Each structure stands twice: as C-alpha cells, then as structure tokens.
Amino acid sequence: MKIFFIEARGTSKYLHNGLAYLTGSLKDRHDVKIFDLNILDWSGEKIIEAAREQKPDIIGFSMKSFNLKNVLALAEKIKEVVAAKLIVGGPHITVAAKDFFGKDNNEVFDFGYQGEGDVWFARFCDNFSKPEEYKNIPGLIYSDKGVWQFNANKFIQNLDDISYPDFDCFEGGVDFESQDGYPLLTSRGCPYQCIYCSVSKVSGRIWRFRSPKNIIGELKRAVEEYEIKKFKIIDDNFTLNIERAKEFCRILIKEKMNLAWSCPNGLRADRLDDELVRLMKEAGCKEVSLGIESGDEKVFDFINKGEKLSAIENAVKILKEHKLKVDAFFIVGLPFETIKSIKKSIKLIGKLGIDNVKWNMLVPYPQTALWDWVVKNGRVLKNFTSGQHFSREKGVEPIFETSDYSARQRIKAYKIANLSTGAYQYVFKRPKNKWLFYLKYSFYLLRYNPGLFFKKVLKKLNIKEKS
C-alpha cells in the first residue's frame with residue numbers, strides 16, 4: 001500500500017521525528033513518503049500534484065494546534081483531486097479529538113488517530129481493508145454508520161520494541177547538520193504536573209524509557225548510514241532516571257563515538273548532579289537547556305513544577321563549573337505574574353549567567369490545570385489554536401487576559417523580556433545598516449526598559465573613561 005505523510009507548514013523549522021518513527025514501523029511492508037513542509041520548500045500545489053500523480057492509498061496529516069488551519073486548508077484541496085483516504089493525528093488530535101471531529105471536520109478526514117502510533121498505526125495500515133478490525137486498534141478514530149468512534153489510547157510500555165526512526169523517506173532528503181544534529185528520543189511521558197503543560201496528556205504520565213544499549217544502537221546506525229557528527233536529545237525528561245543517564249554517558253565514552261551533542265528541549269534542574277554533568281561533558285555534551293519559566297518565586301511555586309528556584313541556581317552552577325553552555329526557557333503571562341515579575345526573571349538570568357533565553361507567550365491547552373484556571377479567572381480573547389508562543393518580528397498576541405494583567409500589559413512584558421535579553425528579533429526586524437540597528441534597538445530599549453538602557457549607556461561611558 002502507498003502512504004503519504006504530510007506535515008503542513010508551521011512555526012518549527014525542524015523535521016518531524018514522529019513521522020520518521022511511523023515510517024520505521026511501516027516501510028518493510030508499505031511504500032511510504034514523508035513531505036515535511038517545514039524543511040521542504042514545496043508549495044501546497046506541488047504537494048497536491050505529487051498526490052495526483054502517485055495516487056497514494058492513505059494520506060496522513062500530523063496536526064499541532066498552531067498549524068491546524070494550514071492542515072485543514074491543504075487537506076481540503078487534496079481531497080478534491082485524490083481518491084486516497086485521509087487520516088489526521090498528532091498532538092492536537094490527541095488532546096482535542098472529540099472537539100475536532102465534532103465541528104464539521106468529518107467532511108475532510110476519513111479517520112483520526114490519537115496517541116502513539118508506532119505500533120498501532122502500522123496495524124491499522126495492515127488491516128486497512130478490514131473495517132471489522134478497526135475496533136481493535138488502540139487510538140483509532142473512525143466512523144461506524146455515520147457515528148464517530150473513539151478507541152481508547154494505549155501507550156507502548158517497552159520502547160525498545162519500537163523500530164528505529166527512518167529518515168530515508170523524507171522527500172528532498174535530510175541534512176542533519178542544518179537541523180543542529182540528529183534528533184534522538186530516549187524516553188516518553190512525564191510524571192510531573194506543571195499547570196501549563198500538555199505533555200502528560202500527549203505521551204502519558206508514566207515515564208517510559210529506552211535502554212542505553214538500544215539508544216547507542218540507534219546512534220551507531222545513524223553514524224553508519226547518515227555519517228552524523230552530532231546529535232540532540234529531544235526528550236522532555238532525559239535525566240529523570242539519573243543513573244540511566246549516567247550509564248548512557250559511560251557507554252558513549254567507552255565506545256569513543258566522538259559525537260558532540262546537546263539537550264535543547266530542557267532538563268529538570270533537580271535531576272542533575274555533579275557526577276552526571278561531569279559524565280555528560282566527557283561524553284561530548286556541549287549545551288543544555290533548562291525550563292526555568294519564572295524568576296518570581298510566587299509565580300514559580302504556583303506553576304507546580306515540583307522543584308525550587310534554589311535547585312535551578314544550583315544546577316546552573318554545576319553546569320557552568322563543567323563549562324557547558326546553558327540556555328533557558330521562560331514564560332510570559334503566567335498566573336499572578338506582573339511586569340515586576342518579568343524584571344525579576346531578567347535579574348535572575350543575569351545573576352546565573354544564562355547564555356541564551358527563549359521567552360514563550362503563555363498559551364493554555366485543553367486538559368491542563370492552566371486551562372481550568374483561565375476559564376475560571378480570565379477572559380478568553382481568541383481560540384487557543386490561534387496562539388503562538390513566539391514569532392519573529394510579527395510579535396505575539398495573548399490568548400487571554402485577567403482583570404489585573406491585560407493583554408496590552410502581557411505584550412509589553414513580552415517586549416521588555418526579549419529586548420532586555422538581546423532577543424530583538426522577536427520585537428522588530430533588524431535593519432541592514434549597523435548604525436540604524438543600534439539606533440532602533442536603543443529606541444525600543446529606552447521605551448520598554450529605560451532603567452536597563454541607561455545602565456548600559458553608563459557602563460559604556462565608564463569603559464571609555466578607563467581606556
């Protein structure tokens with residue numbers, strides 16, 4: 001059977017690792033192609049023409065909340081010219097399947113899929129011509145006599161049983177160097193209950209992990225087949241089991257693979273110790289990210305991360321002692337936040353010596369504690385699917401506001417945060433002329449954080465006087 005997977009264009013510029021996993025479990029029995037428009041410079045018309053010419057039996061779309069409109073627009077056009085059955089899955093369907101299929105979208109898609117498809121989606125494809133088997137496929141959404149049926153999701157317990165991801169089926173090929181390295185997923189699920197996060201809804205509250213031996217096997221294959229020089233661990237909880245992470249590092253060192261690597265998705269500060277960081281450094285780790293979210297202790301405690309700001313300060317100290325680059329994620333718009341809270345975060349960033357910061361505008365997701373809090377305490381301004389965590393130059397618009405923290409104030413806080421930490425690209429477009437850029441940056445900083453502006457000016461003057 002011929003299968004197309006399509007990732008519609010969104011905010012990410014990184015390839016869809018999940019589709020590579022699906023392909024790994026399918027390619028020995030089916031003809032699979034992946035069209036990832038985040039890395040493939042194709043128009044929608046070119047995708048449609050490829051589908052018209054190659055006549056796939058199934059076209060699968062991966063949907064995130066932020067690219068929902070793009071997915072629908074492309075799927076509607078494809079359905080007009082191709083006889084293939086259309087199925088949609090991905091994070092948005094996993095958390096909002098009944099809402100999605102209950103709002104006229106049943107005219108576009110023939111099937112849906114929620115949850116992990118590495119094993120069960122392959123079973124669906126193998127039994128595609130046997131509707132009587134559909135009810136036995138976990139996560140499948142299908143129509144029975146005009147009524148949508150939602151099979152219960154089932155998480156895969158032993159991740160070592162999953163086929164390695166396959167990147168050969170990406171149309172246009174994959175350049176891992178331009179992707180900041182080969183994407184390596186070593187675990188799934190999250191036992192924590194951060195109020196804003198939907199990871200546990202998408203991949204489960206029980207943390208499941210691959211054995212170090214299995215992970216090293218994938219890396220060796222990637223070196224042999226793709227000649228990778230570096231990789232990035234894209235887990236949500238790579239170091240949850242500290243001893244497992246140490247064992248992984250020890251094997252990397254023993255095998256002398258000489259690969260540079262990073263942890264860009266964020267590590268928990270309270271799941272790091274000196275020995276682990278030392279081993280990570282020795283094994284080739286160059287850079288890690290931490291999810292700090294807020295430097296205001298009141299705000300930080302309310303989001304229920306299950307750790308203290310003191311743990312973050314200690315983790316950064318250890319990482320810096322071992323000369324690892326440290327990046328951090330912060331969120332603008334959390335409950336009980338104020339402009340003063342943002343300035344506390346900026347002060348903490350300076351104190352810790354964080355190398356790079358990513359500020360995200362808060363977006364509430366269904367089935368999270370934050371969603372319930374917003375419904376009770378806030379005023380929703382737009383559908384959460386229209387939200388953006390960040391956007392270069394265009395800026396972002398909050399999904400909600402509260403009586404004591406308006407949308408306008410949230411936008412101001414977002415600009416203060418980015419300008420104060422050098423991330424001007426999220427506020428204005430850089431002029432080509434260097435001096436015009438400095439003038440524009442100074443104008444914005446003077447407008448949104450005059451205290452920091454004058455501090456920088458005085459520092460410059462002081463340096464000149466000493467020289």
Side-chain angles (χ1 to χ4, degrees), residues 5-8 10 16 18-19 22 58-76 78-79 85-121 123-125 127-128 131-156 188-190 193-206 363-376 378 380-387 399-400:
F5 286 128
I6 298 176
E7 168 76 347
H16 198 302
L19 294 181
L22 287 182
I58 296 175
I59 300 179
F61 290 83
S62 178
M63 180 181 285
K64 302 179 181 71
S65 298
F66 298 157
N67 72 354
L68 181 151
K69 292 179 181 178
N70 291 342
V71 171
L72 281 175
L74 185 55
E76 287 171 354
I78 287 179
K79 197 171 184 70
K85 296 296 183 181
L86 271 55
I87 182 168
V88 61
H92 182 78
I93 300 302
T94 299
V95 300
K98 293 185 178 179
D99 179 68
F100 180 83
F101 279 90
K103 290 187 175 179
D104 300 323
N105 299 303
N106 54 336
E107 297 298 322
V108 180
F109 296 101
D110 303 285
F111 300 93
Y113 194 89
Q114 49 188 334
E116 295 174 336
D118 312 79
V119 174
W120 318 121
F121 184 75
R123 183 186 294 180
F124 165 68
C125 294
N127 293 277
F128 182 60
E132 66 275 11
E133 291 294 322
Y134 291 172
K135 64 180 180 296
N136 299 318
I137 300 172
L140 185 65
I141 301 166
Y142 64 99
S143 179
D144 183 10
K145 297 177 182 178
V147 179
W148 285 107
Q149 305 297 317
F150 298 84
N151 293 351
N153 186 16
K154 186 177 181 181
F155 292 112
I156 300 162
R188 296 178 181 176
C190 183
Q193 300 181 54
C194 304
I195 66 168
Y196 52 83
C197 187
S198 60
V199 167
S200 64
K201 308 301 178 184
V202 174
S203 58
R205 194 168 292 286
I206 297 175
V363 176
Y365 292 105
Q367 300 187 46
T368 63
L370 175 65
W371 179 273
D372 296 334
W373 186 91
V374 169
V375 170
K376 182 178 179 181
V380 177
L381 304 173
K382 56 169 65 176
N383 191 292
F384 78 97
T385 60
S386 300
I399 296 300
F400 74 100

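The basis for the numbers below is simple: all heavy atoms, side chains too, and nothing from hydrogens, waters or symmetry mates. Owing to the predicted nature of the structure, the values given are computational and were not obtained by experimental measurement.
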### Query
Between Trp373 and Phe400, what is the ring plane arrangement, given parallel below 30°, perpendicular above 60°, and tilted in between?
perpendicular
### Task
Find out whether Phe111 and Ile141 are in side-chain contact, i.e. whether some heavy atom of one side chain is under 4.5 Å from a heavy atom of the other.
no
#### Entry: Ile206 atom CD1: more than 12 heavy-atom contacts under 6.0 Å
no
### Task
Quick one: closest heavy-atom pair of Leu86 and Ala75, and the distance?
CD2-O, 3.7 Å
### Query
With a 4.5 Å heavy-atom cut-off, do Glu76 and Glu107 have their side chains touching?
no
### Task
Just grab all the salt bridge (charged side-chain N to carboxylate O under 4.0 Å, His left out) pairs involving residues 111-120, residues at least two apart or on different chains.
Glu116-Arg188, Glu116-Arg208, Asp118-Arg188
### Task
With sequence neighbours excluded, tell me which residues meet salt bridge (Lys or Arg N to Asp or Glu O under 4.0 Å) with Glu7.
Lys64
### Task
Could I get the full list of side chain to side chain contact (heavy atoms under 4.5 Å, CB included) partners for Leu22, not counting sequence neighbours?
Phe5, Leu19, Phe121
### Task
Using the test side-chain hydrogen bond (donor to acceptor under 3.5 Å, both in side chains), find all partners of Lys201 that sit at least two apart in sequence or belong to another chain.
none
### Query
Is the backbone N or O of Ile137 less than 3.5 Å from a side-chain atom of Asn151, with the two atoms forming a donor-acceptor pair by type?
yes
#### Entry: Side-chain donor/acceptor of Lys154 to backbone N/O of Pro138, under 3.5 Å
no
### Task
Determine which pairs satisfy side chain to side chain donor-acceptor pair (under 3.5 Å) with at least one residue from residues 85-97, sequence neighbours left out, and list them in order.
Ser65-His92
#### Entry: All side-chain hydrogen bond (donor to acceptor under 3.5 Å, both in side chains) counterparts of Thr385, not counting sequence neighbours
Asn383
### Message
According to ring-ring contact (aromatic ring centres under 6.0 Å, His included), who are the partners of Trp371, at least two apart in sequence or on a separate chain?
### Response
Phe384
### Message
According to side-chain hydrogen bond (donor to acceptor under 3.5 Å, both in side chains), who are the partners of Thr368, at least two apart in sequence or on a separate chain?
### Response
none
### Residues that Tyr196 engages under side chain to side chain contact (heavy atoms under 4.5 Å, CB included), provided they are two or more places apart
Cys194, Glu293, Ile303, Lys305, Ile331, Leu334, Leu362, Leu370
### Message
For Tyr142, give me all partners under ring-ring contact (aromatic ring centres under 6.0 Å, His included), at least two apart in sequence or on another chain.
### Response
Tyr134
### Test side chain to side chain contact (heavy atoms under 4.5 Å, CB included) applied to Lys382 - qualifying residues, sequence neighbours left out
Ser386, Glu397, Ile399
## Note on the structure
Residues passing the side chain to side chain contact (heavy atoms under 4.5 Å, CB included) test with Asn127, sequence neighbours excluded, are Arg123, Lys130, Glu133
